[in-house]
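Working notes, beginning with the structure itself.
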Amino acid sequence: MSAVRRNVTASARPMHETDIAQVMEVERVNYPYPWTEGIMRDCLRVGYSCWVMETDGMVAAYAILSAAAGEAHVLNISVAPGHQGQGLGRQLMEHLLQAAHGHGADTVFLEVRPSNKVAVHLYESMGFNQVGVRNGYYPSDVGREDAIIMARVLSDISS
Ligand SMILES: CC(C)(COP(=O)(O)OP(=O)(O)OC[C@H]1O[C@@H](n2cnc3c(N)ncnc32)[C@H](O)[C@@H]1OP(=O)(O)O)[C@@H](O)C(=O)NCCC(=O)NCCS
């Protein structure tokens, strides 16, 4: 999609309570309708698969996955503005696919705003296909925006 970019390599590690302040800083700048800190804490508390990537000791990206009954759902994936376009989103999504496989999921689902062209491009390039639409799912400045539901089958992921 972009002609020239600097790729950064970072590994994902489990998110801890102590990461939440930094995670919330990124959450609030990345989304016009961010999750609350309480939602983020609940994701950790209920045992969702919660991950961060650090660069220079600071949270550069985070993601949250739920997995049960052979399905996984990407609930959040977010890269700090200063680190976007450097390959972290793709690496983190690859990590989530592996984590989903590790949890026994055979399909991963997510929702995305159709206006979020970068995210839609990333997901399509990673094998996600549109499987449905949730009408008026997201709040927006001009009423409500639909969500595209995308799915990726994990049959090609090795153990
Ligand atoms: C969507 C998001 C997670 C992608 O992460 P990222 O680290 O920026 O993406 P990557 O660097 O891994 O790039 C993924 C693809 O998107 C493209 N891309 C990234 N930023 C772009 C930009 N600003 N403009 C155009 N293309 C861009 C890359 O070129 C790459 O495609 P390519 O490999 O075909 O060249 C990130 O932009 C983000 O956090 N956005 C805000 C929160 C959000 O929308 N989350 C998703 C909610 S569903």
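Both counts, for ligands and for their atoms, begin at 1 and track the order of listing.
Between S78 and ligand 1, not a single N/O pair is under 3.5 Å apart. At under 3.5 Å, not a single nitrogen or oxygen of L122, backbone or side chain, sits near a nitrogen or oxygen of ligand 1. Where the criterion is an N or O separation shorter than 3.5 Å, residue side chain and backbone included, A119 fails it with respect to ligand 1. For ligand 1, the polar-atom distance check against G89 finds a nitrogen or oxygen pair separated by under 3.5 Å. For R90, a nitrogen or oxygen atom sits less than 3.5 Å from a nitrogen or oxygen atom of ligand 1, counting backbone and side chain alike. Distances between N or O atoms of Q86 and those of ligand 1 include at least one value under 3.5 Å.
E25 CD to I20 CD1: the interatomic distance, rounded to the nearest 0.5 Å, is 13.0 Å.
Distances from atom 40 (N) of ligand 1 to the heavy atoms of M126, K117, M150, Q84 show the closest one on Q84. In the candidate list G85, P81, A147, G85 is nearest to atom 8 (O) of ligand 1, counting heavy atoms.
Inspection of the N116 and Y138 side chains reveals no N or O donor paired with an N or O acceptor under 3.5 Å. Side-chain atoms of Y123 and N129 form no donor-acceptor pair, as typed in the model, at a separation below 3.5 Å. Checked by atom type, the side-chain pair Y62/E27 shows a donor-acceptor distance below 3.5 Å.
A donor-acceptor contact shorter than 3.5 Å links the side chain of Q91 to the backbone of G87.
D106 has no carboxylate O lying under 4.0 Å from a charged side-chain N of R152, or vice versa, which leaves the two without a salt bridge. The pair E37-R41 meets the salt-bridge criterion, with a side-chain N (NZ, NE, NH1 or NH2) lying under 4.0 Å from an Asp/Glu carboxylate O.
Residue contacts with ligand 1 for Y62 are absent, since no atom lies close enough (heavy atoms, distance under 4.0 Å). Heavy atoms of N116 found under 4.0 angstrom from ligand 1 belong exclusively to the side chain. Contact annotation: for E111 versus ligand 1, heavy atoms closer than 4.0 Å belong to the backbone alone.
With a 6.0 Å radius and a threshold of 12 heavy atoms from other residues, nucleotides or ligands, D156 has its CG atom above the threshold. Counting heavy atoms of neighbouring residues, nucleotides and ligands inside a 6.0 Å radius, atom OH of Y48 does not exceed 12 of them.
Of all atoms in ligand 1, listed by their number and element, those nearer than 4.0 Å to a heavy atom of L88 are 7 (O), 12 (O). Within ligand 1, counting atoms from 1 as listed, the ones closer than 4.0 Å to a heavy atom of N30 are 39 (O), 41 (C), 42 (C). Here is the list of ligand 1 atoms found below 4.0 Å of a heavy atom in H121: 15 (C), 16 (O), 31 (O), 32 (P), 34 (O).
Classified by interplanar angle (parallel below 30°, tilted 30° to 60°, perpendicular above 60°), the ring pair F109/H73 is parallel.
In this structure, S125 falls outside the shell of residues with a heavy atom less than 4.0 angstrom from ligand 1.
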